[in-house]
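Chain A is the first sequence line, chain B the second, and so forth, proteins listed ahead of strands; every chain is numbered from 1.
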There are 2 protein chains.
Amino acid sequence: MTDRERRQVGRPATIEAPRETILAHAASLFATMGYENTSLQDVARAVGISKAAVYHYFSTKQQIYDEIVVVMLQQLEAFVRERVEKAERSEDGIRAFMVAHATFMEENFTEFVTLLHGHGGTSRVRSPGEIAARDSYETVLRTMLQQAQDRGELNIDNVASASRAILSMLNWMSRWFRPDGERRAAEFAEDYFKLLYMGFKRR
Amino acid sequence: MTDRERRQVGRPATIEAPRETILAHAASLFATMGYENTSLQDVARAVGISKAAVYHYFSTKQQIYDEIVVVMLQQLEAFVRERVEKAERSEDGIRAFMVAHATFMEENFTEFVTLLHGHGGTSRVRSPGEIAARDSYETVLRTMLQQAQDRGELNIDNVASASRAILSMLNWMSRWFRPDGERRAAEFAEDYFKLLYMGFKRR
DNA sequence: TTTATTACCGGCTAGCCGGTCAATAATTAA
DNA sequence: TTAATTATTGACCGGCTAGCCGGTAATAAA
């Protein structure tokens, strides 16, 4: 083994799509260990590069987190919008929203958990980009519910409350759902929809 | 100023109910900053004692967290059980459960947030006591729903799903609810109940 | 061929954190 | 009065972390 091989410095371990690779590994670690319990050393080790290399692509740890969140929110909205627009009846639109949200969550599980439960505590500062992306996404559901009510197609007298209820059920899924379990996330979403659509009341 | 006054060591700042005081301040900090971003120095400063004094009453940081969680879960169950048992009709029981849960959350907000969102990440080790307390609490709701269905008083064909749905909505409240806002948590819980009871479907 | 740029590395540092400990003061028991 | 117990402190330690820096190798541009 030559000295050059042993003390390799410079450009030995170039990986392709470094930013995306780093983000994916970071999301996985953030999701399981939590943001605060994940060091950039951990991230670097998972990717197979040095910590300094991580800093070559990102300037702070927070920036890595923010990028995961915003990218996920934007992809989520695009994914859901596409499926919602195909629906004709109001109830199909709502069902499509719930199923699409759950499906996306399952397909991007670690990033999604990072998005919702990455940090502990409530005082996290949300970046402007994150706030905008969140609002934009929630508006998709809210306008759908409002239209259904305005057209008299569904019985939704409290749109804000219904919207919150739907998102709450879906968001909390990321707390107990396990991708390696028997049932798909979409199935649980279907159950939730049926529940909300039919109601408890006996007829 | 004598030397004795300046370098006071020993027993100068005794507080009453030290354990409870420490737990309350710790819960408040855990809830806002997150468990990992709260140092025991922070806790000690909030209480007005030294960090070493905290270690006189608790042996690890984790122990403080665990105690907050278990105590809250037990008090929650007692609080909710008392109110649920008064209900006669099945739907009143469910409504009582939801309203009581929300009310308890509001009255013990910081501890509750700590319970649900204190840690980041999913790999937190739940203590045996916490698991038992959680199971016990969820059983209250599940048996209530099962009875309503068995007696044919309500239309709940998927008890597991309905139980998850209810707890999801209530648990997620601790993410967006603010105790200093206009509406009480119980009002939101009432809205949710109405939604689940009536359903979206037009009649 | 020289120069500039990009991709990476090892090593460092200032600072914080959980936890320990010996010392001291107040309180209680003997 | 004395001894034991309990409450509390400041000082300290080992370990870890985010971020920085000086340097090096490969590539691209001039």
Side-chain angles (χ1 to χ4, degrees), chain A residues 1-23 25-26 29-30 33-68 118-121 124-125, chain B residues 1-23 25-26 29-30 32-68 114 118-121 124-125:
Chain A
M1 188 182 271
T2 70
D3 193 64
R4 180 176 249 159
E5 280 168 340
R6 208 177 309 109
R7 310 236 279 100
Q8 215 169 1
V9 185
R11 188 185 278 185
T14 311
I15 53 176
E16 76 280 33
R19 284 181 65 88
E20 285 72 13
T21 309
I22 292 169
L23 288 176
H25 281 97
L29 288 164
F30 289 167
M33 315 287 293
Y35 177 82
E36 293 87 354
N37 293 321
T38 304
S39 74
L40 290 184
Q41 192 64 252
D42 295 335
V43 176
R45 196 181 304 125
V47 177
I49 56 178
S50 70
K51 189 172 63 146
V54 174
Y55 273 98
H56 179 68
Y57 293 101
F58 299 92
S59 51
T60 63
K61 187 183 179 186
Q62 188 62 45
Q63 194 199 334
I64 296 176
Y65 179 86
D66 288 345
E67 192 152 325
I68 293 169
H119 279 79
R124 210 189 85 222
V125 259
Chain B
M1 189 184 271
T2 71
D3 194 63
R4 180 176 249 159
E5 280 167 340
R6 209 178 308 110
R7 309 240 277 100
Q8 212 172 3
V9 185
R11 189 184 276 186
T14 311
I15 54 176
E16 78 280 34
R19 284 181 64 89
E20 285 72 13
T21 309
I22 292 169
L23 288 176
H25 281 96
L29 288 164
F30 289 167
T32 49
M33 315 287 293
Y35 177 82
E36 292 88 355
N37 293 322
T38 304
S39 73
L40 289 185
Q41 192 65 253
D42 294 336
V43 176
R45 196 179 306 125
V47 177
I49 57 177
S50 70
K51 189 174 64 154
V54 174
Y55 273 97
H56 179 67
Y57 294 99
F58 299 92
S59 52
T60 63
K61 186 183 179 184
Q62 189 62 43
Q63 193 200 334
I64 296 176
Y65 179 86
D66 289 344
E67 193 153 324
I68 293 169
T114 299
H119 278 78
R124 211 189 86 223
V125 258

Honestly, is B:K61 close enough over B:Y35, meaning NZ or CZ under 6.0 Å from the six-membered ring centre and within 45° of the axis? yes
Heavy-atom closest pair (A:F58 atom, A:E67 atom, distance to 0.1 Å) is CE2-OE1, 3.9 Å
Taken to the nearest whole Å, CZ/B:R19 to C1'/D:dA7 is 15 Å
Taken to the nearest whole Å, CZ/A:F58 to P/C:dA7 is 13 Å
Phosphate-side-chain proximity, B:H56 and D:dT8, N/O vs OP1/OP2 below 4.0 Å | no
In 5'-to-3' order, the base (B), backbone-only (S) or no-contact (-) status of each nucleotide in nucleotides 13-18 of chain D, using a 4.0 angstrom heavy-atom cut-off, is ----SB
Rounded to the nearest 0.5 angstrom, the OG1-OH distance for B:T60 and B:Y65 is 13.0 Å
When rounded to the nearest 0.5 Å, the distance separating NE2 of B:H56 from CD1 of B:I22 is 9.5 Å
For residues 43-53 of chain B, the side chain to side chain donor-acceptor pair (under 3.5 Å) pairs (sequence neighbours left out) are B:D42-B:R45
